[in-house]
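As a basis for the values below, the full set of heavy atoms in this structure was taken, side chains included, without hydrogen atoms, waters or symmetry mates. We number each residue from 1, following the sequence as shown.
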Amino acid sequence: MPVSQADIALAERLADAAGAAIRPYFRAEHGLEAKDDLSPVTLADRAAEEAMRKLLIAEAPADGIVGEEFGVREGASKRQWVLDPIDGTRAFIAGRPIFGTLIALIEDGWPLLGIIDQPITRERWLGVMGHTTLFNGEPAATRRCRDLKQAILATTSPACFHDDELHAFEHLDGAVMSVVLGGDCYNYGCVASGWMDIVVEANLKLHDFAALVPIVEGAGGRMCDWQGDPLHAGSNGQVIAAGDPARIDDILEALACRGH
């Protein structure tokens, strides 16, 4: 089933609801805790996801929900809303407005719609497969990159890579102009808007990347795994985003040199 205007409107309301839940906690008491995997979670994460789930249960009861904080709610349709209330909780707790709320609509595991919403700076990227990505309502476009030597590469943290993945990333690091660390989902918005060229990450979960695919690809870029295959619910969490699809083969070649 294609994405409808009603789906897009609902996704925007989800982002609005999450932002309203998050803003009171930013640079304020946020009730930081450590989850079982030692990753941070705050009252803002939980409040934002609760607000989105409440809306979805009321307005799209047949659709499933996959949320970072509250897990899976099975639905009767082939569609699922994938929610990451704060992608970049470490940035959030440090008072840095480079986190975002991620909202995706997937069908049979394939991303159809995605939102990155930065509720503090009020920046929002909206991507729908088959349509041009919008940044605050205006068309977004990636930029061309004629050579890796001209590229700005980003990743959230080298600590997110396993040893062999880190070796591969370091090889790519040596081939580009500069590397930016930190940024989480915000980096992918920067690729979609043509301010950055490449993001490479590993060990991501579905809620970390599902929303990003329609955004980057709708702006003229490409997303894939480290084998060059499209991203879907069964992907292994190795992710590449390239503003210029012509550089994908160069990126894959550099990453294939892991451990060499």
Side-chain angles (χ1 to χ4, degrees), residues 102 104 106 108-112 114 116 125 127-133 135 139-206 208-260:
L102 295 180
I106 67 174
D108 290 326
W110 294 95
L112 301 178
I116 302 170
W125 289 267
V128 178
M129 283 301 189
H131 297 271
T132 299
T133 292
F135 173 59
T142 62
R143 66 185 181 190
R144 302 285 72 84
C145 179
R146 295 180 63 182
D147 190 282
L148 286 184
K149 293 177 183 177
Q150 300 176 351
I152 298 174
L153 166 68
T155 197
T156 299
S157 172
C160 296
F161 295 114
H162 296 311
D163 286 348
D164 63 330
E165 294 167 336
L166 181 58
H167 291 318
F169 180 81
E170 288 172 342
H171 195 271
L172 177 60
D173 179 338
V176 302
M177 180 174 71
S178 63
V179 178
V180 177
L181 300 180
D184 298 278
C185 64
Y186 199 81
N187 291 331
Y188 298 82
C190 291
V191 169
S193 288
W195 306 323
M196 191 181 290
D197 301 294
I198 305 166
V199 185
V200 170
E201 301 195 276
N203 302 299
L204 300 187
K205 296 181 173 65
L206 180 63
D208 295 314
F209 67 79
L212 309 174
V213 178
I215 292 169
V216 171
E217 298 197 343
R222 182 178 162 198
M223 287 191 66
C224 62
D225 65 17
W226 287 24
Q227 287 69 50
D229 295 323
L231 297 171
H232 54 87
S235 295
N236 67 1
Q238 294 179 331
V239 168
I240 298 168
D244 189 340
R247 299 281 71 76
I248 285 287
D249 286 346
D250 300 333
I251 297 165
L252 292 171
E253 182 178 354
L255 292 173
C257 293
R258 69 184 74 178
H260 292 185

Say you draw a straight line from [atom1] of [X] to [atom2] of [Y]; how long is it, rounded to the nearest 0.5 Å?
| X | Y | atom1 | atom2 | value |
| --- | --- | --- | --- | --- |
| Ile198 | Ile240 | CD1 | CD1 | 9.0 Å |
| Met223 | Leu231 | CE | CG | 5.0 Å |
| Leu153 | Cys145 | CG | SG | 10.5 Å |
| Thr142 | Ile215 | OG1 | CD1 | 13.5 Å |
| Leu252 | Leu172 | CG | CG | 10.0 Å |
| Ser235 | Asp229 | OG | CG | 8.0 Å |

(request) Keeping the roles fixed (side chain from Glu217, backbone from Met129), state whether a donor-acceptor pair exists under 3.5 Å. (result)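 No, Glu217 side chain to Met129 backbone: no donor-acceptor pair under 3.5 Å.
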
(request) Name all pairs fulfilling the side-chain hydrogen bond (donor to acceptor under 3.5 Å, both in side chains) condition that reach into residues 147-159, sequence neighbours left out, sorted by first residue then second. (result)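 Every side-chain hydrogen bond (donor to acceptor under 3.5 Å, both in side chains) pair that includes a residue of residues 147-159, provided the two are not neighbours, is Thr156-Glu201.
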
(request) Evaluate side-chain contact (heavy atoms from CB on, under 4.5 Å) for Gln238 paired with Leu255, printing each intermediate quantity in order. (result) CA-CA 11 Å; Gln238 294 179 331; Leu255 292 173; over 6 Å; no

Tell me every residue that passes side-chain hydrogen bond (donor to acceptor under 3.5 Å, both in side chains) with [X], counting only those two or more places apart in sequence or in another chain.
| X | answer |
| --- | --- |
| His131 | none |
| Thr133 | none |
| Asp197 | Arg143 |

With a 4.5 Å heavy-atom cut-off, do [X] and [Y] have their side chains touching?
| X | Y | result |
| --- | --- | --- |
| Trp110 | Pro230 | yes |
| Pro214 | Val128 | no |
| Arg144 | Pro245 | yes |
| Tyr188 | Val239 | yes |

Nearest heavy-atom pair of [X] and [Y]: which atoms, and what distance?
| X | Y | value |
| --- | --- | --- |
| Ala254 | His171 | O-ND1, 3.3 Å |
| Ala192 | Trp125 | CB-CD1, 4.2 Å |
| Pro139 | Thr132 | CB-CG2, 4.0 Å |
| Ile248 | Cys224 | CD1-SG, 3.9 Å |
| Pro111 | Ile106 | CA-CG2, 3.7 Å |
| Cys160 | Asn203 | O-ND2, 2.7 Å |

(request) Look at the rings of Phe135 and Trp195 and say which category their plane angle falls in: under 30° parallel, 30 to 60° tilted, over 60° perpendicular. (result)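 Phe135 vs Trp195 ring planes: perpendicular.
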
(request) Report, as yes or no, whether the 6.0 Å neighbourhood of atom CG on Asp108 holds more than 12 heavy atoms from other residues, nucleotides or ligands. (result) yes

(request) If a pair satisfies ring pair (Phe, Tyr, Trp, His ring centres under 6.0 Å) and one of its residues is in residues 139-160, list it, with sequence neighbours excluded. (result)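 Ring pair (Phe, Tyr, Trp, His ring centres under 6.0 Å) check on residues 139-160 returns no pairs.
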
(request) List the steps and the verdict of side-chain contact (heavy atoms from CB on, under 4.5 Å) for Val200 and Trp226. (result) CA-CA 9 Å; Val200 170; Trp226 287 24; 3.6 Å; yes

(request) Using the test ring pair (Phe, Tyr, Trp, His ring centres under 6.0 Å), find all partners of Phe161 that sit at least two apart in sequence or belong to another chain. (result) Phe169

